[in-house]
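For ligands, and for the atoms within them, numbers begin at 1 and follow the listed sequence.
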Amino acid sequence: MSQDQPQGLARGLTNYGDPDFSVYLRRSFAASMGYSQEVLKKPIVGIANSFSGFNNCHRHFPELLEAVKRGVLLGGGLPIEFPTISLGEVFLSPTSLKFRNLMAIDTEEMIRAQPMDAVVLMGGCDKTVPAQLMGAASADLPAIQLVAGPMMTSRHEGERLGACTDCRRFWGKFRAGEINKAQIDDIEGRLATTAGTCAVMGTASTMACIAETLGMMLPGTAAIPAVHADRLRAAEATGMAAARMIHNPIRPSQVITEKSVENALRVLLAVGGSTNAIIHLTAVAGRLGIKVSLERLNQLSDETPVLVNLKPVGQHYMEDFFFAGGIGAVLREIRPLLHLDCLTVTGETLGDRLDADTGRIDRNVIASVNNAEEPEGGLVALFGNLAPRGAILKRSAADRSLFEKEGRAVVFTSLADLSARIDDPDLDVTEDDFLVLQNAGPRSASGMPEAGYLPIPKKLSSKGVKDMVRISDARMSGTAFGTIVLHVAPEAAVGGPLALVRNGDRIRISVRNREIELLVDEAELEARRKAFTPDVVPPEKRRGYDRLYAEQVLQADEGCDFDMLRPVGG
Ligand code: FES
């Protein structure tokens, strides 16, 4: 840190028109918390703590926080924790994504407004890590991410269970009548039994892997289980590293670069990661003016094999991934595809890290490039007249027999329409049809929920149909699977072509050609376009954050960030 920059408590003074008075007043009020004058001379590491009673994944943060503080003290800094809002995935309505940008604003502004020289970001559950990375990128103070770590698995009737792929699998069995009410009640109590984030390569785990790959987190810490002693040691080491960053400041803008974002995309593809991560990485990169192109994603996807055998696509859980070598092992495998000169929060480059890292690797969980789980990446973007700005398909979680297919559209105009009719015995639907959900994008009333995993209509699921082509402007949980086309942009609520689809229209998808086409002639589409009226409450009829969201939120291909939060001047 430069010598003329005030440090610690003297940073960012409250404005009373007399800086010396501001320092004196601040020190005296800080002294009221029991700090000695000697301690108050130390540089400060802020700790953004997203603990909440509404966030089961962060249940262990009090213990983790103590370890971070210990590390900061050992590193010669003064640790000061501050709360930010938290986003417990299943406790938020209408959906946690709506509040990701609120948490990002909270994180950014509290980093900027309070006197700290570096910051540790404690997050984990789904939207919390992207929110913290977005906020930290914009604040651009030296920052280091610490994640909650994944949950451990549990058991039901001798079978291993882990949130939340198994949540969906067993719910599907219950809907199909394969298990009874007593069994689903028993499973409900066993799906999530420890602290930590969902136990599979869902969004939280994918974002942890991305944060480590970007270089914003200590090496080897993404996959350590939440309840493992190594997680506490990682927290202590993170605190020490943050204290070191005071003297060797490395800012997010030096770590999150075009090259490190491309590395993160490679890893996202290689781990068969969550579709949500594309939105989040786009938003994080966008804070620093870096564009994530879906066309580039397709190029990378062609060259990057899927290496991990983890649910929701494969067999294993995150705790297995940790013991198999974690993200370090994946990075070593795809080393020739990576930009090795990217700086990380430790001051080393990614190449330095990989040179030093000769750790373990379990081939049951992490394959070699020559013996990959899939020869191509897990995600692919589709374009066409139905999605001019792109749509995402997680091909690694989809049924390949549905990749080149034409089908009849069965349209649901909203989530309410979907839940009212999907199980109607009179619904005109066959397994060859395409289920289409409209008005579930970022500007819709539902706020882009994880509803893209449309349930298979009961009349078909009870006959054993497990997958169908499903298309929407919604998202899908990172723990879900199926032939599901998501994030269609522009969305239906703003008049995107998805809004023009009618029951009985023909749609063609071709994963090989990266295409999604609505097979309706242009004159008819134009007539429908003219008749379109948006089904959203206009911003001026809303208030508070809801209004800000409606005015500002961008489309999926822009990361659903707020327009005003992108860098000034674009
Ligand atoms: Fe927190 Fe899944 S509910 S990561």
Cationic N near anionic O, under 4.0 Å, Arg395 to Glu376
yes
Does NZ or CZ of Lys127 come closer than 6.0 Å to the centre of the six-membered ring of Phe99, within 45° of the ring's axis?
no
Check residues 213-226 and write down every donor-acceptor pair under 3.5 Å in which the side-chain atom is one partner and the other belongs to a residue at least two apart or another chain.
from	atom 1	to	atom 2	distance (Å)
Thr213	OG1	Cys209	O	2.7
Thr221	OG1	Leu218	O	2.7

Atom 1 (Fe) of ligand 1 - number of protein N/O/S atoms closer than 2.8 Å
2
Residues which pass ring-ring contact (aromatic ring centres under 6.0 Å, His included) with Phe61, listed by chain and number, not counting sequence neighbours
His58
Pairs satisfying salt bridge (charged side-chain N to carboxylate O under 4.0 Å, His left out), at least one member in residues 133-153, at least two apart:
none
Is it true that the side chains of Ser96 and Glu89 contain a donor and an acceptor less than 3.5 Å apart?
yes
